[in-house]
Amino acid sequence: MPATKYIFITGGVTSSLGKGIISASVGKLLQSRGYNVSIQKIDPYLNIDPGTLNPYEHGECYVTYDGAETDLDLGHYERFLGKKMSQANNVTTGQIYQTVINKERKGEYLGKTVQIIPHITNEIKNRIKLLAKKFNLDFVITEIGGTVGDIESLPYIEAVRQLKWELGKNNSIVIHLTLVPYLSAAKELKTKPTQHSVKMLLENGVQPDIIVLRTEKSLTKEIRQKVSLFCNIESDSVIEAIDVSSIYEVPLKMQEEKLDETILKKLNLDVGQVPDIKPWKEFLRKLKNPKKTINIAAVGKYIELQDAYKSINDSFIHAGTHNEIKVNVTWLHSEKIDVSNYEQQLSGFDGILVAPGFGHRGIDGKILTAKYARENKIPFLGICLGMQIAVIEFARNVLGFEDAHSTEMHPSTPYPVIDLMEEQKNITSLGGTMRLGEYSCNLKKSSLAFDAYKKTTIHERHRHRYEFNDEFLNAFAEKGMVPSGINPDSNLVEIIELINHPWFVGVQFHPEYSSTVLNPSPMFSGFIHAALQNKKSINKK
Ligand code: GLN
């Protein structure tokens with residue numbers, strides 16, 4: 001293949017249509033044809049990254065191996081492609097402006113007035129082309145966040161228009177995803193919003209090449225023809241994206257609709273044979289035919305928003321499906337768990353997870369949760385803050401360290417069992433300054449962690465400022481909470497386990513970030529197995 005081909009994905013009519021899933025599905029289909037593909041997300045907001053955004057605003061913050069705090073769509077890209085995304089895969093308006101303003105201060109535009117066009121648009125184009133160069137890609141898929149018509153998106157649409165022109169024919173295409181709403185009173189699907197949104201793109205000089213229509217009902221031939229006629233789209237380029245029960249069905253649906261073939265034809269590439277994505281189909285078969293079920297309680301404080309714990313929920317799907325187990329995850333609000341109700345709220349689950357988090361809200365409910373799992377010998381997985389909570393609970397209730405805490409919540413605690421990492425002590429600004437990205441961890445041979453990963457060195461991603469305080473290591477170990485994973489370079493404790501418990505593990509890292517459809521997280525698999533064992537032993541009683 002001569003040069004990189006570019007696919008731009010825009011959205012119209014409403015947000016939340018699943019642009020990220022469509023982008024990931026297109027990526028998956030092209031990848032399965034042997035192409036080297038990567039996907040980039042452009043977020044039209046002024047934050048440099050979503051790291052300082054509240055999950056209620058933005059959903060989960062996803063962390064890449066190279067330590068970027070990014071949009072959760074990058075999680076979809078990794079899970080679908082089974083390939084690591086990087087810093088360069090998430091671009092925000094904040095980053096673009098920061099680069100341009102820094103250049104201006106350095107004098108790089110000396111004598112020139114710095115403007116949105118051409119300076120901002122040039123920087124946008126650079127970021128898109130940079131990805132292709134960096135990873136030597138056959139395809140760059142760029143998902144433009146937001147909805148066409150937003151003021152924030154305008155410079156991006158203009159950059160797409162320019163790039164399309166500069167790259168020349170057959171080297172780039174625009175896929176526009178819109179909604180065809182179903183009006184139940186009229187019993188009709190409506191195309192007018194799509195027509196308007198395409199008109200808006202046209203006003204900005206961009207003619208989409210393919211339209212993907214999100215719909216709850218199957219599209220009739222007439223609807224397809226209407227969109228084709230009024231949006232200047234060939235009829236085989238009008239693609240149906242019908243609602244499905246699992247996002248993982250979307251690549252197959254898109255293959256049925258021949259989206260990949262249409263893309264290849266438009267880019268003047270060989271269509272060839274339809275690839276059989278067997279492992280993916282096998283995953284879906286297992287997903288739909290589980291042999292067993294387990295029930296997990298997950299405790300967090302952002303549970304009102306589905307997207308806040310996206311990677312954790314998906315990790316359960318991946319690990320569960322591979323083991324042919326349906327994992328029902330019930331999210332419990334940590335603020336609603338208290339001494340009067342925790343036993344009742346937590347009883348009946350086969351396993352318990354305490355989620356990551358920041359700040360004081362909901363901490364007491366999480367501590368009670370760890371206590372319940374420890375005392376009742378329920379399989380427990382604590383992730384990041386969840387691990388720290390398990391340590392605090394053990395210090396208070398087993399070691400008798402009254403008021404033991406993390407210095408994050410209680411700076412003057414007499415027992416700072418979780419404390420700020422040395423390298424964090426002089427850091428004052430909050431953006432992008434945590435311990436971020438992939439670090440190695442050595443596992444102790446006879447441990448639950450080793451049983452799960454089946455190797456001595458693992459690499460997992462981090463996002464935290466606080467750590468297990470080494471000073472207390474012996475006190476913990478004497479009473480049965482032992483470190484089973486240590487960072488070989490810094491000696492930081494990355495995993496703790498309980499000795500007198502069937503399966504109780506706390507991890508300072510986030511195993512959920514590296515779980516993919518075809519390669520589930522060993523830590524989640526280990527946890528699910530333990531929960532299943534627990535269920536079996538209860539049923540025997
Ligand atoms: N707030 C804790 C820390 O910064 C845990 C972070 C997390 O759960 N991601 O160490």
Side-chain angles (χ1 to χ4, degrees), residues 49-56 58-65 67-70 72 75 298-303 305 307-313 315 331 334-335 352-367 369-370 380-393 395 404-411 413 416-439 441 460-470 472 485 487 490 492-496 505-515 521 523:
D49 61 44
T52 52
L53 281 173
N54 188 319
Y56 286 132
H58 189 267
E60 168 189 279
C61 173
Y62 185 78
V63 178
T64 56
Y65 75 94
E69 296 176 282
T70 70
L72 57 80
V299 177
K301 67 171 170 177
Y302 302 111
I303 70 166
L305 188 81
D307 277 353
Y309 300 108
K310 191 98 204 128
S311 295
I312 293 180
N313 285 326
S315 296
W331 282 93
S334 51
E335 276 187 303
I352 293 175
L353 176 138
V354 174
F358 293 83
H360 200 278
R361 188 166 68 92
I363 285 293
D364 295 337
K366 288 186 172 177
I367 295 178
T369 304
F380 173 90
L381 178 60
I383 300 182
C384 206
L385 178 67
M387 173 261 201
Q388 301 177 352
I389 291 288
V391 169
I392 295 165
E393 190 280 319
H405 221 315
S406 161
T407 50
E408 178 182 3
M409 334 294 166
H410 185 353
T413 166
V417 288
I418 302 292
D419 199 7
L420 201 58
M421 281 180 275
E422 205 47 48
E423 71 219 47
Q424 287 284 329
K425 289 199 170 143
N426 296 319
I427 291 176
T428 48
S429 58
L430 295 181
T433 55
M434 280 185 253
R435 181 177 184 232
L436 288 167
E438 209 166 85
Y439 286 89
C441 171
E460 291 281 15
R461 299 180 207 175
H462 293 249
R463 183 176 186 243
H464 62 114
R465 293 182 203 283
Y466 294 82
E467 58 159 326
F468 181 91
N469 185 347
D470 253 1
F472 298 96
N487 177 298
S490 59
L492 291 178
V493 173
E494 311 282 34
I495 312 178
I496 53 95
V505 180
V507 288
Q508 187 58 80
F509 51 78
H510 292 260
E512 72 275 21
Y513 290 146
S514 46
S515 172
S521 157
M523 191 44 90

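Numbering starts at 1 and runs along the sequence shown. Every number for a ligand or one of its atoms is a count from 1 in the order of the listing.
No side-chain N or O of E512 forms a donor-acceptor pair with one of S521 less than 3.5 Å apart. Under 3.5 Å, the side chains of R361 and S334 contain no donor-acceptor pair of N or O atoms.
Partners of T407 under the side-chain contact (heavy atoms from CB on, under 4.5 Å) rule, at least two apart in sequence or in another chain, are T413, P416, D419, Y466.
By the 30° and 60° cut-offs, the orientation of the rings of H510 relative to Y513 is parallel.
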Does ligand 1 have any N/O pairs with the protein under 3.5 Å, and how far apart?
{"unit_1": "ligand 1", "atom_1": "1 (N)", "unit_2": "G357", "atom_2": "O", "d": "3.0"}
{"unit_1": "ligand 1", "atom_1": "1 (N)", "unit_2": "E408", "atom_2": "OE1", "d": "2.7"}
{"unit_1": "ligand 1", "atom_1": "1 (N)", "unit_2": "E408", "atom_2": "OE2", "d": "3.1"}
{"unit_1": "ligand 1", "atom_1": "4 (O)", "unit_2": "R465", "atom_2": "N", "d": "3.0"}
{"unit_1": "ligand 1", "atom_1": "8 (O)", "unit_2": "G357", "atom_2": "N", "d": "3.0"}
{"unit_1": "ligand 1", "atom_1": "8 (O)", "unit_2": "G357", "atom_2": "O", "d": "3.3"}
{"unit_1": "ligand 1", "atom_1": "8 (O)", "unit_2": "L385", "atom_2": "N", "d": "3.0"}
{"unit_1": "ligand 1", "atom_1": "9 (N)", "unit_2": "R463", "atom_2": "O", "d": "2.9"}
{"unit_1": "ligand 1", "atom_1": "9 (N)", "unit_2": "H510", "atom_2": "NE2", "d": "3.4"}
{"unit_1": "ligand 1", "atom_1": "10 (O)", "unit_2": "Q388", "atom_2": "NE2", "d": "3.1"}
{"unit_1": "ligand 1", "atom_1": "10 (O)", "unit_2": "R465", "atom_2": "N", "d": "3.2"}
{"unit_1": "ligand 1", "atom_1": "10 (O)", "unit_2": "Y466", "atom_2": "N", "d": "2.9"}

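Within the 3.5 Å criterion, the main-chain N or O of Y62 finds no donor-acceptor partner in the side chain of R461. Of the possible polar contacts, one joining the Q424 side chain to the T433 backbone as a donor-acceptor pair under 3.5 Å is found.
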